[in-house]
Amino acid sequence: MGTAYSQFLGDAATTPNCQAEPTFDPLYGFSEGRKERVMLATQEEMESAGLPLEKRDYCAHLALQHRACRHKEFPFVYRCAHEKHAYLNCQYDDYVLRMKEHEREKRLLERAKRKAKRAEKEAMAE
């Protein structure tokens, strides 16, 4: 079920806002730390290649390679299948990572709600 439906069907307090920044520390729960994601393509490279805004993400360097291959191999663009496959795999991996982050945020919100409920229950008992 997608996030659009889950925002209406689920508990609004535990559904993360996908447009906002995460509310929890990104390193929370990672004792060894996390690998930082870096952009391999620079802003100047993307602008000079005329890369559309919707493709300027963490996979932009692969999109640039694919566009360059298509330009070099035209009209035999089927020779660029490897570059296209690498770009689409990167897009898929990025999607999966974003979904995992969304799920992590949702579970941490549910955990915070449970802890607040437990603390309120203990305060009432005292």
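The basis for the numbers below is simple: all heavy atoms, side chains too, and nothing from hydrogens, waters or symmetry mates.
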Check the pair Gln43 / Met46 against side-chain contact (heavy atoms from CB on, under 4.5 Å), numbers first and verdict last. CA-CA 5 Å; Gln43 190 68 27; Met46 293 185 286; 3.6 Å; yes
I'd like to check Tyr87 versus Gln65 (side-chain heavy atoms, cut-off strictly below 4.5 Å). Are they in contact? no
Counting only heavy atoms not in Glu32, do more than 12 fall under 6.0 Å of its CD? no
The criterion is side chain to side chain contact (heavy atoms under 4.5 Å, CB included); which residues satisfy it with Glu21, sequence neighbours excluded? none
Over-ring placement of Arg79 relative to Phe76, 6.0 Å and 45° cut-offs: yes
Steps toward side-chain contact (heavy atoms from CB on, under 4.5 Å) verdict (Tyr78, Glu73): CA-CA 8 Å; Tyr78 64 87; Glu73 298 292 341; over 6 Å; no
Group every Ile, Leu, Val, Met, Phe, Trp and Tyr by side-chain heavy-atom contacts under 4.5 Å, then state whether Leu64 and Met39 land in the same group. yes
Kindly compute the distance separating SG (Cys59) from CG (Asn89), expressed to the nearest 0.5 Å. 9.5 Å
Return the set of residues passing side chain to side chain contact (heavy atoms under 4.5 Å, CB included) with His61 (not counting sequence neighbours), or none when no residue passes. Leu40, Ala41
Does a side-chain heavy-atom distance below 4.5 Å link Cys80 with Glu83? yes
Flag, side chain of Glu47 to backbone of Glu44, donor-acceptor distance under 3.5 Å: no
Checking Arg37 against Leu97 for the side-chain contact (heavy atoms from CB on, under 4.5 Å) test, could you report, in this order, the C-alpha distance in whole Å, the side-chain angles of both residues, the deciding distance, and whether it holds? CA-CA 11 Å; Arg37 297 181 74 194; Leu97 184 63; 3.4 Å; yes
Which ILVMFWY residues are connected to Tyr28, directly or by a chain of links, through side-chain heavy atoms under 4.5 Å apart? Phe24, Leu108, Leu109
First locate atom NE2 of His82, then atom SG of Cys69, and finally report the distance between them rounded to the nearest 0.5 Å. 10.0 Å
Closest heavy-atom contact between Cys90 and Leu62? CB-CD1, 3.5 Å
Give a yes or no answer on whether the side chain of Arg34 reaches the backbone of Pro26 with a donor-acceptor pair at less than 3.5 Å. yes
Where the side chain of Arg67 meets the backbone of Ala49, is there a donor-acceptor pair that is under 3.5 Å apart? yes
Would you please test Glu45 and Leu51 for side-chain contact (heavy atoms from CB on, under 4.5 Å) and show each step? CA-CA 9 Å; Glu45 289 174 337; Leu51 197 64; over 6 Å; no
Within a reach of under 6.0 Å around CZ of Arg56, are more than 12 heavy atoms found that belong to other residues, nucleotides or ligands? yes
Between Glu105 and Thr23 (side chain of the first, backbone of the second, donor and acceptor by atom type, cut-off under 3.5 Å), is there such a pair? yes
Salt-bridge criterion met for Glu103 and Arg107 (N-O under 4.0 Å): yes
Please round to the nearest 0.5 Å and tell me the distance separating atom NE2 of His66 and atom NE2 of His85. 12.0 Å
Exceeds 12 heavy-atom contacts within 6.0 angstrom, atom CZ of Phe30: yes
